[in-house]
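In this text, all values refer to a predicted model and were calculated from it rather than measured experimentally.
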Amino acid sequence: MTIQENVSLKHLNTFGVEANARWFIDIKTEEDLSEVFADERLKNYPRLIMGGGSNMLFTQDFHGLVVHVNIHGISNTSLDNDIYVKAGGGEAWNDLVNYCVDNEFAGIENLSLIPGSVGASPVQNIGAYGVELEDIFHSCKAFEISSGKFRTFTKQDCRFSYRDSIFKSDYKEFYIITEVTFRLSKTFEPNVSYGAILQELDNRKINKPTIKEISTVVSHIRVSKLPDPKTIGNAGSFFKNPVIPVGKFVQLQSNFPDIVHYSAPNGYIKLAAGWMIEKCGWKGKVIGNTGTWKNQALVLVNHGEATGCEIFNFSKLIIDSVKSRFNITLEREVNIF
């Protein structure tokens with residue numbers, strides 16, 4: 001286990017912005033993690049835990065220790081009709097999805113092609129096309145930084161909500177997720193609640209889709225709407241879809257009858273942030289080295305050598321614009337450093 005100095009993080013964040021870590025260590029086992037946090041020399045440094053770097057924007061260098069979780073391994077066990085799949089926190093999320101799809105483990109296929117690592121998935125409660133991480137989550141194993149001990153979190157412990165969990169609030173920077181266990185099924189019931197999936201299945205003349213076909217269709221839709229971070233720097237959806245009370249929505253809809261919206265639990269309505277951003281004229285707009293993606297206004301991209309500050313300032317312009325027109329304050333989904 002080697003501690004490196006002055007390491008570039010450009011290729012470890014999907015925006016591809018330049019930032020340096022004063023100190024950097026690559027964690028490949030849980031034992032490595034225990035060793036690092038038992039080292040008295042490192043206890044006073046500011047720390048940043050990184051996985052796939054897909055949900056962060058660096059606006060400056062990190063003057064502390066970056067701990068890169070790179071723990072791998074995937075296994076499964078079965079119990080009656082359930083399949084429990086366990087994956088290391090450093091596994092690429094889509095590698096896990098492909099493993100499950102290839103083995104016909106049902107429930108995760110709608111989450112195909114989401115960037116990032118397995119360990120980060122419960123933190124963000126990732127979701128797409130009618131499925132949330134919490135729908136398939138069973139438990140996770142996490143390292144408690146203060147005590148140096150490991151703890152298992154159940155679904156209830158995680159307090160999942162829309163793009164949120166206890167790891168983003170009360171326990172932010174308290175734990176490092178090293179392993180996640182998912183509860184999938186041997187029985188496949190396709191989730192086609194999103195119209196885009198149904199439309200693409202119809203285009204392909206597929207009436208009874210398989211797990212593989214749903215995964216392929218979702219991947220196709222994502223590629224058609226979202227840029228590949230390997231080709232152009234981005235962090236996927238930059239903003240959360242706002243969730244507002246029904247009363248406020250009724251008032252908003254009276255002014256904007258065609259506003260795109262979805263039902264949400266407990267008497268709330270979820271608005272489509274991308275639609276509002278597009279209506280404010282931002283879709284495909286470029287300023288300097290950054291802009292919104294031509295096919296999806298919700299995605300901010302690095303067109304070349306954009307700095308994190310450029311991207312952050314661009315996002316602020318969008319927030320101000322949406323606030324001015326719709327009286328809705330967009331919240332960044334991406335973590336800012």
Side-chain angles (χ1 to χ4, degrees), residues 29-30 51-52 69 71-144 150-168 171 175-194 197-198 201 206-219 221-222 264-265:
T29 68
E30 291 181 348
V69 179
I71 300 172
H72 288 261
I74 305 176
S75 62
N76 73 83
T77 57
S78 63
L79 179 63
D80 298 327
N81 196 51
D82 294 328
I83 300 288
Y84 293 89
V85 179
K86 186 180 295 183
E91 287 287 347
W93 174 260
N94 203 53
D95 288 348
L96 168 67
V97 173
N98 289 336
Y99 170 89
C100 296
V101 169
D102 290 343
N103 284 283
E104 298 189 348
F105 302 155
I108 200 172
E109 58 279 351
N110 287 50
L111 302 180
S112 295
L113 221 59
I114 294 177
S117 66
V118 167
S121 63
V123 178
Q124 186 72 6
N125 188 21
I126 61 173
Y129 299 104
V131 175
E132 306 290 314
L133 186 281
E134 63 180 302
D135 299 331
I136 57 171
F137 180 89
H138 177 262
S139 62
C140 68
K141 186 178 181 182
F143 177 80
E144 186 176 37
F150 287 88
R151 172 180 169 184
T152 297
F153 287 82
T154 65
K155 181 188 293 191
Q156 185 176 6
D157 293 333
C158 293
R159 298 187 205 165
F160 289 122
S161 59
Y162 177 64
R163 299 297 174 269
D164 203 4
S165 72
I166 197 168
F167 300 110
K168 282 187 73 175
Y171 289 166
Y175 287 89
I176 299 171
I177 297 174
T178 59
E179 184 179 88
V180 185
T181 300
F182 303 89
R183 182 184 177 185
L184 303 178
S185 178
K186 296 177 184 177
T187 302
F188 174 53
E189 296 181 5
N191 183 333
V192 293
S193 56
Y194 264 64
I197 296 178
L198 278 174
L201 288 172
I206 298 173
N207 295 319
K208 295 182 179 180
T210 64
I211 294 175
K212 182 68 173 179
E213 286 170 335
I214 290 291
S215 176
T216 299
V217 162
V218 168
S219 297
I221 295 169
R222 289 188 70 90

Item to check | Verdict with supporting geometry, Ser121 and Phe182, side chain to side chain contact (heavy atoms under 4.5 Å, CB included) | outcome: CA-CA 11 Å; Ser121 63; Phe182 303 89; 4.2 Å; yes
Checklist entry - So, does Trp93 use its side chain to make a donor-acceptor pair with the main chain of Leu111 at under 3.5 Å? => result yes
Next on the checklist: So does Asn191 get a backbone contact from the side chain of Asn110, meaning a donor-acceptor N/O pair under 3.5 Å?
Outcome noted: yes
Next on the checklist: I need the minimum non-hydrogen distance between Ser185 and Asn81, along with the two atoms involved.
Outcome noted: OG-ND2, 3.2 Å
Next on the checklist: Could you check whether any side-chain heavy atom of Ile166 comes within less than 4.5 Å of a side-chain heavy atom of Asp157, counting everything from C-beta outward?
Outcome noted: no
Item to check | Test side chain to side chain contact (heavy atoms under 4.5 Å, CB included) applied to Lys86 and Thr77, step by step | outcome: CA-CA 9 Å; Lys86 186 180 295 183; Thr77 57; over 6 Å; no
Checklist entry - Looking at side-chain heavy atoms only, is the closest gap between Val218 and Ile197 below 4.5 Å? => result yes
Item to check | Residue among Val192, Val101, Ile206 satisfying side-chain contact (heavy atoms from CB on, under 4.5 Å) with Ile214 | outcome: Val192
Checklist entry - Considering the options Ile83, Val97, Ile136, Asp82, which one meets the side-chain contact (heavy atoms from CB on, under 4.5 Å) requirement together with Phe105? => result Ile83
Checklist entry - Side chain of Asn94, backbone of Leu113: donor and acceptor closer than 3.5 Å? => result yes
Checklist entry - What pair of heavy atoms forms the shortest contact from Ala106 to Leu184, and how long is it? => result O-CB, 3.3 Å
Checklist entry - Any side-chain heavy atom of Pro122 within less than 4.5 Å of one from Ile177? => result yes
Next on the checklist: For the backbone of Ser215 and the side chain of Ser219, can you confirm whether one donor and one acceptor N or O come within less than 3.5 Å of each other?
Outcome noted: yes
Checklist entry - Is Glu104 salt-bridged to Lys186, going by a charged N under 4.0 Å from an acidic O? => result no
Item to check | Exam field: side chain Arg151 to backbone Phe143, donor-acceptor pair closer than 3.5 Å | outcome: no
Checklist entry - Just how far is it from atom OH of Tyr171 to atom CD of Glu144, taken to the nearest 0.5 Å? => result 8.0 Å
Checklist entry - Taking the side chain as C-beta and beyond, is there a heavy-atom pair between Ser117 and Val69 under 4.5 Å? => result no
Checklist entry - Can we call the ring centroids of Phe167 and Phe153 under 6.0 Å apart? => result yes
Checklist entry - If you measure from SG on Cys100 to CD1 on Ile74, what distance do you get to the nearest 0.5 Å? => result 7.0 Å
Item to check | Verdict with reasoning, Asp102 to Lys212, per side chain to side chain contact (heavy atoms under 4.5 Å, CB included) | outcome: CA-CA 7 Å; Asp102 290 343; Lys212 182 68 173 179; 3.9 Å; yes
Item to check | Partner residues of Tyr99 under the ring-ring contact (aromatic ring centres under 6.0 Å, His included) criterion, sequence neighbours left out | outcome: none
Checklist entry - Hey, is the main chain of Asp164 close enough, under 3.5 Å, to the side chain of Arg159 for a donor-acceptor pair? => result no
Item to check | Considering all heavy atoms, the nearest Arg163-Gly127 contact | outcome: NH2-O, 3.0 Å
Checklist entry - How long is the gap from CD1 on Ile221 to OG1 on Thr216, to the nearest 0.5 Å? => result 11.0 Å
Checklist entry - Taking the side chain as C-beta and beyond, is there a heavy-atom pair between Ile108 and Leu96 under 4.5 Å? => result yes
Checklist entry - Is there a donor-acceptor pair under 3.5 Å between the side chain of Lys155 and the backbone N or O of Glu134? => result yes
Checklist outcome for this item: Closest non-hydrogen contact found for Asn125 with Ser161 is ND2-O, 2.8 Å
Checklist outcome for this item: In short, salt bridge (Lys or Arg N to Asp or Glu O under 4.0 Å) pairs touching residues 88-101 with sequence neighbours left out are none
Checklist entry - So do Glu30 and Ile71 actually touch side chain to side chain, heavy atoms under 4.5 Å? => result yes
Checklist entry - Can you find a heavy atom in the side chain of Tyr84 that is under 4.5 Å from one in the side chain of Arg183? => result yes
Next on the checklist: Could you check whether any side-chain heavy atom of Glu132 comes within less than 4.5 Å of a side-chain heavy atom of Phe160, counting everything from C-beta outward?
Outcome noted: no
